[in-house]
Amino acid sequence: MALIENLNLWPTSNLQRILALNPPPKLFNFKPSATHSIRKTLHTCRCSLVNEQQQQQASFTDQEKQLIDALIGIQGRGKSASPQQLNDVERAVQVLEGQDGVGNPTSSDLIEGRWQLMFTTRPGTASPIQRTFVGVDFFSVFQDVYLRTNDPRVSNIVKFSDWIGELKVEAAASIKDGKRILFQFDRAAFSFKFLPFKVPYPVPFRLLGDEAKGWLDTTYLSHSGNLRISKGNKGTTFVLQKKTDPRQKLLAAISTGTGVEEAIDEFISLSKSVAKDEPVLLEGEWQMIWSSQVETDSWLENASNGLMGSQIVKNEQMKFLVNILPGIRFSMIGKFVKSGTKTYDVTMDDAALIGGPFGYPLEMETKINMELLYNDDKIRISKGYNNILFVHLRASDGSK
């Protein structure tokens, strides 16, 4: 983050050894052997939770929702973003910076509190600590801003997990003007759950001089106090939120591998309460990022039933595409027919292994009844083969 990017002295070896004992999972796992347990029933979401999420949705303006839409599907808080994704975020940021946000944000109470980092640009000057932690979706990254106290501070928190602990880097802060906060690092420590004491951060802040100083400009603060755009003294742009969009909450559960079924249940309950129409299967390329699949021994069975890779939906046809090895793909094409208000009958019967310009046909046929639980232009939740739940992210709109 803006504070973290100033730290250019960071020995990561000790922490890497600690984290090696508790390695974070990959964000999206497409291996055919990957398994996810699913409970037979999904708990009913409490009305109070639905109402809270409805309020969260309503708390973002249309322009703010455009930025949030641009963030959906970006991994590593921008580290793995495609050029198109970066352009979409940049345009949405520029639109908001030109809007009438909170004037003099550093003087507003809305800037106070804990902010979650959702996106950051990654300049070549990013410090080792920023490269090590910020780009890992399994870690949660927050910024605490408290300016109206006897000891004004801005702190960055990297939460490794509930069972590992966190790193907190603190800086003494002061307000320069209506947009700019000045800061100077002065203390930091690791708090590990398995240790009864804090582990000091191994950087002598007093000896760093100007390297421990910096500034942070707030270029947009929403009137709801739920969205903030900031720029650091090294040119980095940050998007931070106090409340998250329900889709972001679902993707966060998938990235950590915890509470996914509950997050799906909450999300679908919310969508049913606010949706005016039944979901419609949208064209485009959809990458599977999570399923409640049961373990099978055959990758071919997984691939032919849509349990791996991507789906391409276009012109009433569906194509399963799986990269098996470098240069070798499995492809299976079929048709789908709408059979109910939100159900589709899918017949896949044209399979092949493809290597470069050559293809080897396979005699296969798969029939699937797919129930569409939710679909917008970014995310799709469905129930397919053997009533397995699927979450797909849209990789492209299929117009090319």
Side-chain angles (χ1 to χ4, degrees), residues 1-6 55-72 74 77-78 81 86 88-123 126 130 133-134 139-149 152-159 168-171 173-183 214-249 252:
M1 300 180 65
L3 304 187
I4 289 178
E5 69 175 346
N6 283 60
Q55 292 172 2
Q56 291 179 16
Q57 276 195 329
S59 67
F60 296 108
T61 66
D62 289 341
Q63 291 81 6
E64 291 166 359
K65 289 178 182 177
Q66 289 179 5
L67 174 56
I68 292 173
D69 282 345
L71 298 178
I72 297 294
I74 294 181
R77 300 179 185 87
L86 291 176
D88 291 344
V89 173
E90 182 179 359
R91 285 198 299 269
V93 165
Q94 289 175 348
V95 167
L96 285 177
E97 289 179 334
Q99 296 291 312
D100 184 21
V102 173
N104 298 318
T106 58
S107 301
S108 171
D109 290 337
L110 294 175
I111 202 172
E112 302 270 318
R114 172 159 291 194
W115 296 85
Q116 183 168 359
L117 178 66
M118 309 303 296
F119 174 86
T120 174
T121 55
R122 306 187 64 79
Q130 185 169 338
F133 299 128
V134 174
F139 301 152
S140 298
V141 183
F142 302 94
Q143 185 177 80
D144 286 349
V145 179
Y146 293 103
L147 304 175
R148 288 156 186 80
T149 68
R153 292 199 162 267
V154 178
S155 304
N156 289 309
I157 298 96
V158 180
K159 185 176 181 180
K168 186 174 185 179
V169 183
E170 299 185 53
S174 62
I175 297 174
K176 180 180 180 180
D177 54 38
K179 289 188 175 182
R180 179 163 295 183
I181 299 172
L182 305 178
F183 62 83
W215 51 260
L216 180 66
D217 282 350
T218 295
T219 57
Y220 179 81
L221 177 62
S222 67
H223 289 280
S224 66
N226 289 329
L227 181 67
R228 174 163 63 97
I229 301 172
S230 292
K231 286 183 168 60
N233 54 288
K234 291 195 174 182
T236 309
T237 298
F238 309 92
V239 178
L240 307 100
Q241 294 175 226
K242 280 185 180 176
K243 292 185 178 180
T244 55
D245 176 89
R247 292 172 300 173
Q248 294 173 316
K249 183 178 179 180

[atom2] on [Y] to [atom1] on [X], rounded to 0.5 Å:
X      : Y      : atom1 : atom2 : answer
Ile111 : Leu147 : CD1   : CG    : 6.0 Å
Trp115 : Gln241 : CH2   : CD    : 9.0 Å
Asp100 : His223 : CG    : NE2   : 5.0 Å
Leu221 : Leu240 : CG    : CG    : 10.5 Å
Phe60  : Ile68  : CZ    : CD1   : 4.0 Å
Trp215 : Lys231 : CH2   : NZ    : 9.5 Å

Keeping the roles fixed (side chain from [X], backbone from [Y]), state whether a donor-acceptor pair exists under 3.5 Å.
X      : Y      : value
Asn156 : Val169 : no
Lys234 : Gly214 : no
Thr106 : Asp177 : yes
Asp217 : Thr219 : no
Thr218 : Ser230 : no

Practice task
Take Asp144 and Glu170 through the side-chain contact (heavy atoms from CB on, under 4.5 Å) test and state the conclusion after the steps.
Solution key: CA-CA 9 Å; Asp144 286 349; Glu170 299 185 53; over 6 Å; no
Practice prompt. Identify the residue among Arg228, Gln99, Lys179, Glu64 that makes a side chain to side chain donor-acceptor pair (under 3.5 Å) with Tyr220.
Written response: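 Going through Arg228, Gln99, Lys179, Glu64 one by one, the side chain to side chain donor-acceptor pair (under 3.5 Å) with Tyr220 is satisfied by Glu64 alone.
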Any idea which heavy atoms bring [X] and [Y] closest together, and the distance?
X      : Y      : answer
Gly235 : Thr121 : O-OG1, 4.3 Å
Phe142 : Lys159 : CE1-CB, 4.3 Å
Gly78  : Leu86  : O-CD2, 4.4 Å
Leu216 : Phe183 : N-CE2, 4.2 Å

With a 4.5 Å cut-off on side-chain heavy atoms, are [Y] and [X] touching?
X      : Y      : result
Thr237 : Glu90  : no
Gln143 : Val154 : yes
Thr120 : Val141 : no

Report the C-alpha distance between Arg148 and Asp109 in whole Å, list the side-chain angles of each, state the deciding distance to 0.1 Å, and finish with yes or no for side-chain contact (heavy atoms from CB on, under 4.5 Å). CA-CA 8 Å; Arg148 288 156 186 80; Asp109 290 337; 3.4 Å; yes
Exercise. Going through the checks in order, is the side-chain contact (heavy atoms from CB on, under 4.5 Å) test met by Leu227 and Val239?
Worked result: CA-CA 7 Å; Leu227 181 67; Val239 178; 3.9 Å; yes
task = Give the C-alpha distance, both sets of side-chain angles, the deciding distance and a yes or no for side-chain contact (heavy atoms from CB on, under 4.5 Å) between Leu96 and Gln66.
result = CA-CA 10 Å; Leu96 285 177; Gln66 289 179 5; over 6 Å; no
